[in-house]
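Down below is the structure, laid out as structure tokens.
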Amino acid sequence: MNDDVELIGDEELGGEGAADANAATILDASLREELAAIAGDGVRFDEPMRRHTTLKIGGPADAFVQPATPAQLGEVVRFAHRRGVPITVVGGGSNLLVRDGGIRGIALHTGRLRGLELVDGTRIRVEAGVSTGKVLSLALKHDLGGIEFLGGVPGSVGGGMIMNAGTYLGEFKDVTSWVESVRLGDGELVRRDNAACGFRYRDSNLPPTEVVVRAELALRPRPRAEIEAEVKALRKRRSEREPKKVASNGSTFKNPPNDFAGRLIEAAGCKGWSEGDAVCSPVHANWLVNTGRATASELLRLIARVRARVVEVHGIELHLEVKVLGDDA
Ligand SMILES: Cc1cc2nc3c(=O)[nH]c(=O)nc-3n(C[C@H](O)[C@H](O)[C@H](O)COP(=O)(O)OP(=O)(O)OC[C@H]3O[C@@H](n4cnc5c(N)ncnc54)[C@H](O)[C@@H]3O)c2cc1C
């Protein structure tokens with residue numbers, strides 16, 4: 001690990017199964033063959049993770065696996081356990097910073113788990129790989145309110161549950177009835193009700209030793225015009241404040257209690273700071289963006305500099321909202 005990383009604090013650098021700093025693949029030919037037999041066309045080897053992150057940063061995953069069903073996902077999980085292969089779970093990649101050495105073992109992607117159905121008129125059952133936008137569209141189609149907060153929030157339902165994604169209008173905590181996960185290791189299915197998920201500001205207690213596969217959302221009837229108006233207002237507000245057409249994770253740091261990370265960073269004079277193509281956006285200081293060919297190590301250096309400066313000026317330590325995964329180059 002390099003110095004920048006140590007500044008960030010170990011608790012924020014994990015990712016279940018993120019392996020040690022050996023960039024060489026740990027999947028030999030026989031393991032690859034075995035995995036291909038289980039995952040079929042749902043596996044790609046030595047897959048650049050920059051293709052799967054909105055920051056467009058990240059070295060190769062030894063195996064990028066997209067199970068087609070929760071049952072197949074269970075098989076992959078049991079294979080990994082049997083063979084001692086680490087698993088790192090990825091969703092829409094909209095909150096990930098994958099290091100330049102990539103991910104050892106399996107990057108398990110939920111993108112093929114796309115089940116989405118309306119139950120009993122007001123509840124939505126949704127698999128982890130469905131995009132937040134699709135859930136919002138289904139709710140709108142059936143005149144159901146409660147998830148207007150998702151307007152402009154990218155990513156998958158699985159990642160949204162882990163992060164308790166949301167905006168000033170609300171968050172997943174407000175509408176989630178239960179979440180089902182597959183346990184890494186034995187591949188068993190676990191269901192938790194809302195309270196057991198431990199949702200809090202951009203975080204949850206959903207364990208990193210599980211893969212979220214499905215959830216149920218409880219919505220309420222609301223006139224479509226009202227839903228549309230609220231989502232439109234949210235999108236407008238966002239487009240006025242947020243950088244456009246640039247590779248990013250949205251906000252890099254969580255807001256500290258009673259303040260805003262963007263305000264603190266701007267007041268500390270960091271707007272426009274850069275490390276290579278990694279830039280503290282001149283539009284919104286809490287967006288540390290990739291303006292071209294930034295590497296993860298450049299972005300991590302920028303994160304460390306901004307963080308140190310905010311401590312120096314305000315005496316406040318910012319915590320990452322972005323999840324850092326994988327190995328150094
Ligand atoms: C332009 C932009 C704007 C954004 N605006 C907002 C905003 O307004 N509000 C907000 O809350 N967020 C925002 N974000 C951040 C991001 O959209 C959310 O954090 C989102 O919920 C991440 O979902 P994802 O599927 O992309 O997860 P990923 O980024 O792929 O993963 C996030 C975390 O969840 C874990 N994970 C993902 N899927 C699963 C699963 N199925 N099971 C177990 N673990 C899993 C990963 O290991 C990782 O730790 C923004 C991002 C961008 C790029």
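Positions are given from 1, in the same order as the sequence printed here. Counting starts at 1 for both ligands and their atoms, in listed order.
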Practice task
Using side-chain hydrogen bond (donor to acceptor under 3.5 Å, both in side chains) as the criterion, list what pairs up with Glu312, not counting sequence neighbours.
Solution key: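 Partners of Glu312 by the side-chain hydrogen bond (donor to acceptor under 3.5 Å, both in side chains) criterion, ordered by chain and then number, come out as Arg309.
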
Contact atoms of ligand 1, heavy-atom distance to [X] under 4.0 Å:
{"X": "Gly155", "result": "23 (O), 24 (P), 25 (O), 26 (O)"}
{"X": "Arg202", "result": "10 (C), 11 (O)"}
{"X": "Gly92", "result": "24 (P), 25 (O), 26 (O), 27 (O), 30 (O)"}
{"X": "Arg238", "result": "3 (C), 4 (C), 5 (N), 6 (C), 7 (C), 8 (O)"}
{"X": "Met163", "result": "19 (O)"}
{"X": "Val211", "result": "42 (N), 43 (C)"}
{"X": "Thr54", "result": "53 (C)"}
{"X": "Gly158", "result": "38 (N), 39 (C), 41 (N)"}

Can Glu226 and Arg222 be said to form a salt bridge (Lys or Arg N to Asp or Glu O under 4.0 Å), step by step? CA-CA 7 Å; Glu226 282 183 29; Arg222 190 179 187 197; 3.0 Å; yes

Distance-only side-chain donor-acceptor flag, Glu47 / His52, under 3.5 Å:
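Yes.
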
If only side-chain N and O atoms count, and only distance matters, is there a donor-acceptor pair under 3.5 Å linking Arg200 with Asn205?
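Side-chain D/A pair, Asn205 to Arg200: present.
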
Of the side chain and backbone of [X], name the one, both, or neither that has a heavy atom under 4.0 Å from an atom of ligand 1.
{"X": "Thr110", "value": "side chain"}
{"X": "Asn249", "value": "backbone"}
{"X": "Asn95", "value": "both"}
{"X": "Trp287", "value": "side chain"}
{"X": "Val89", "value": "both"}
{"X": "Thr167", "value": "side chain"}

Proximity flag [X] to ligand 1, non-hydrogen atoms under 4.0 Å:
{"X": "Tyr168", "value": "no"}
{"X": "Met161", "value": "no"}
{"X": "Glu242", "value": "no"}

Original post:
Any donor-acceptor pair under 3.5 Å linking the side chain of Arg183 with the backbone of Leu189?
Top reply: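 Side chain of Arg183 to backbone of Leu189, a donor-acceptor pair under 3.5 Å: no, none is there.
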
Item to complete: State plainly whether one hydrophobic cluster holds both Val212 and Ile147, where clusters connect Ile, Leu, Val, Met, Phe, Trp and Tyr through side-chain heavy atoms under 4.5 angstrom apart.
Response: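 Hydrophobic grouping puts Val212 with Ile147.
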
Please report whether ligand 1 has a polar contact with [X], defined as an N or O pair separated by less than 3.5 Å (distance criterion only).
{"X": "Ile162", "result": "no"}
{"X": "Val90", "result": "no"}
{"X": "Gly93", "result": "yes"}
{"X": "Ser248", "result": "no"}

Selection from Pro154, Gly160, Ala247, Gly151 by shortest heavy-atom distance to atom 50 (C) of ligand 1 |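 It is Pro154 that holds the nearest heavy atom.
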
Side chain to side chain contact (heavy atoms under 4.5 Å, CB included) between Ile106 and Phe79, intermediate numbers included:
CA-CA 11 Å; Ile106 294 173; Phe79 155 81; 4.1 Å; yes

Quick check on Phe260: does its CZ atom have over 12 non-hydrogen neighbours (other residues, nucleotides or ligands) under 6.0 Å away?
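Not buried by this count: 12 neighbours or fewer within 6.0 Å.
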
**OP:** Check whether more than 12 heavy atoms from other residues, nucleotides or ligands sit under 6.0 Å from atom CZ of Arg50, and answer yes or no.
**Re:**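 Counting neighbours around CZ of Arg50, 12 or fewer heavy atoms of other residues, nucleotides or ligands fall under 6.0 Å, so no.
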
Is Arg305 close enough and on-axis enough to Trp273, meaning under 6.0 Å and within 45°, for cation-pi?
->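 Here Arg305 passes the 6.0 Å and 45° test against Trp273.
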
Within 45° of the axis and under 6.0 Å from the centre of the six-membered ring of Tyr168, does NZ or CZ of Arg237 qualify?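 Yes, a cation-pi geometry holds between Arg237 and Tyr168.
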
Checklist entry - Less than 6.0 Å separating the ring centroids of Phe45 and Phe64? => result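 No.
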
List the atom pairs, donor and acceptor, that lie under 3.5 Å between side-chain atoms in residues 138-146 and the rest of the protein, sequence neighbours left out.
{"residue": "Asp143", "atom": "OD1", "partner": "Arg224", "partner atom": "NE", "Å": "2.8"}
{"residue": "Asp143", "atom": "OD1", "partner": "Arg224", "partner atom": "NH2", "Å": "3.4"}

